[in-house]
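Just below is one structure, and these are the notes that go with it.
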Amino acid sequence: MYAEYQERGRVLPWRETRDPWAILVSELMLQQTQVARVLPKYGEWLRRWPDPSSMAAASVAEVLAAWSGLGYNRRALALKAAASIIETEHGGTVPEDAAALRALPGVGGYTAGAVRAFAFGLPDVFLETNIRAALLHWFFPDREGVRDRELLPVAAAVLDRADPRAWHYALMDYGAALKKLAPNPSRRSAHHAVQSRFEGSLRQARGAIVRILSAEGPHEAESIHERCGMERERVANALAALVAEGTVEYAGSLVRVRET
DNA sequence: ATCCGGGCGT
DNA sequence: ACGCCCGGAT
């Protein structure tokens with residue numbers, strides 16, 4: 001696998017750095033978003049906010065506007081909140097400690113392990129879709145509904161502890177390549193889920209509202225559904241959810257992206 | 001119309 | 001354990 005990786009492993013900008021902040025940004029972006037869509041955003045984002053300090057000082061509206069196109073914009077808010085915690089609790093440096101990483105918003109088991117392996121060279125064991133695909137293909141060829149608790153010991157057993165960074169890059173490239181040849185092996189994971197239809201959904205309306213407010217500034221609450229080009233009731237429900245979670249707020253009859 | 005892709009609240 | 005969170009490609 002290493003020989004393959006040396007010859008035609010993917011060359012990706014976040015693989016050219018060991019800056020923990022850059023790695024963290026890339027991993028947040030890569031959650032539920034494919035490489036091709038992250039590529040044009042990643043460099044732009046880091047030029048604008050090259051460290052946690054600058055990210056923490058950014059406004060919510062500009063962060064959401066810059067995130068536009070990546071989807072699941074709560075990740076942008078998580079990244080900004082994580083930057084603030086890194087500033088106040090870790091002296092502006094992305095922590096190496098696994099529990100401290102896990103305590104950051106938007107950072108779960110995968111992302112904590114990825115930052116530790118890719119930025120700090122630590123031999124953590126973690127799973128994402130490409131790693132699951134590779135392990136399922138090799139070690140569970142005839143099984144359906146394989147749980148992560150079964151995959152993790154296998155991942156630990158095969159891990160190259162001498163070079164966790166290269167090992168995981170190679171493993172992920174292998175898994176990604178498998179998906180182009182055959183049905184996605186990670187669909188045999190017990191944790192694979194098919195999500196509900198997007199067209200006509202609440203999250204489509206949420207996305208439209210956030211995009212409009214972050215790009216254009218506050219709008220009259222009553223006019224938002226026209227600007228979205230969606231039914232009044234669906235937009236009202238999406239707006240209520242966004243207000244309830246604090247992503248947007250009312251200012252009199254206007255709606256705007258949260259300011260603090 | 002279907003596919004893909006981690007974290008988190010419940 | 002399960003449902004929700006986006007958007008572009010095919």
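Note that this is a predicted model, so its numbers are computed, not measured. Sequence lines set the chain letters: A, B, ... in the order given, protein chains first and strands last, and positions in each chain run from 1.
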Rounded distance (Å) that lies between atom [atom2] of [N] and atom [atom1] of [X]:
X: Gln204(A); N: dG8(C); atom1: CD; atom2: P; answer: 11 Å
X: Leu39(A); N: dG8(C); atom1: CG; atom2: C1'; answer: 14 Å
X: Leu64(A); N: dC5(C); atom1: CG; atom2: P; answer: 16 Å
X: Glu199(A); N: dG8(C); atom1: CD; atom2: P; answer: 12 Å

Next on the checklist: If you take any heavy atom closer than 4.0 Å to DNA chain C, which residues from residues 206-215 of chain A end up in contact?
Outcome noted: Arg206(A), Gly207(A), Arg211(A)

Checklist entry - For Tyr110(A), what residues pass the ring pair (Phe, Tyr, Trp, His ring centres under 6.0 Å) criterion, not counting sequence neighbours? => result Phe126(A)

Checklist entry - Taking only residues two or more places apart in sequence or in another chain, which ones pass ring pair (Phe, Tyr, Trp, His ring centres under 6.0 Å) with Trp167(A)? => result none

Checklist entry - Is the closest side-chain donor-acceptor distance between Thr129(A) and Lys179(A) under 3.5 Å? => result yes

Checklist entry - Is there a donor-acceptor contact under 3.5 Å linking the side chains of Thr17(A) and Asp19(A)? => result no

Checklist entry - Of Arg147(A) and Ser68(A), whose closest DNA chain C nucleotide lies nearer the 5' terminus? => result Arg147(A)

Next on the checklist: Could you work out, with side chain to side chain contact (heavy atoms under 4.5 Å, CB included) as the rule, every residue matching Ala83(A), not counting sequence neighbours?
Outcome noted: Trp21(A), Pro52(A), Met55(A), Ala56(A)

Item to check | Set of side chain to side chain contact (heavy atoms under 4.5 Å, CB included) partners for Val35(A), sequence neighbours left out | outcome: Arg10(A), Leu12(A), Trp14(A), Leu30(A), Leu39(A)

Checklist entry - Relative to the ring of Trp67(A), is the ring of Trp45(A) parallel (under 30°), tilted (30 to 60°) or perpendicular (over 60°)? => result perpendicular

Checklist entry - Quick one: is the NZ or CZ of Arg203(A) closer than 6.0 Å to the six-membered ring centre of Phe198(A), and within 45° of its axis? => result no

Next on the checklist: Does the protein touch nucleotides 1-10 of chain B at the base, only the backbone, or not at all? Give it as B, S and - per nucleotide, heavy atoms under 4.0 Å.
Outcome noted: S-SBBBBS--

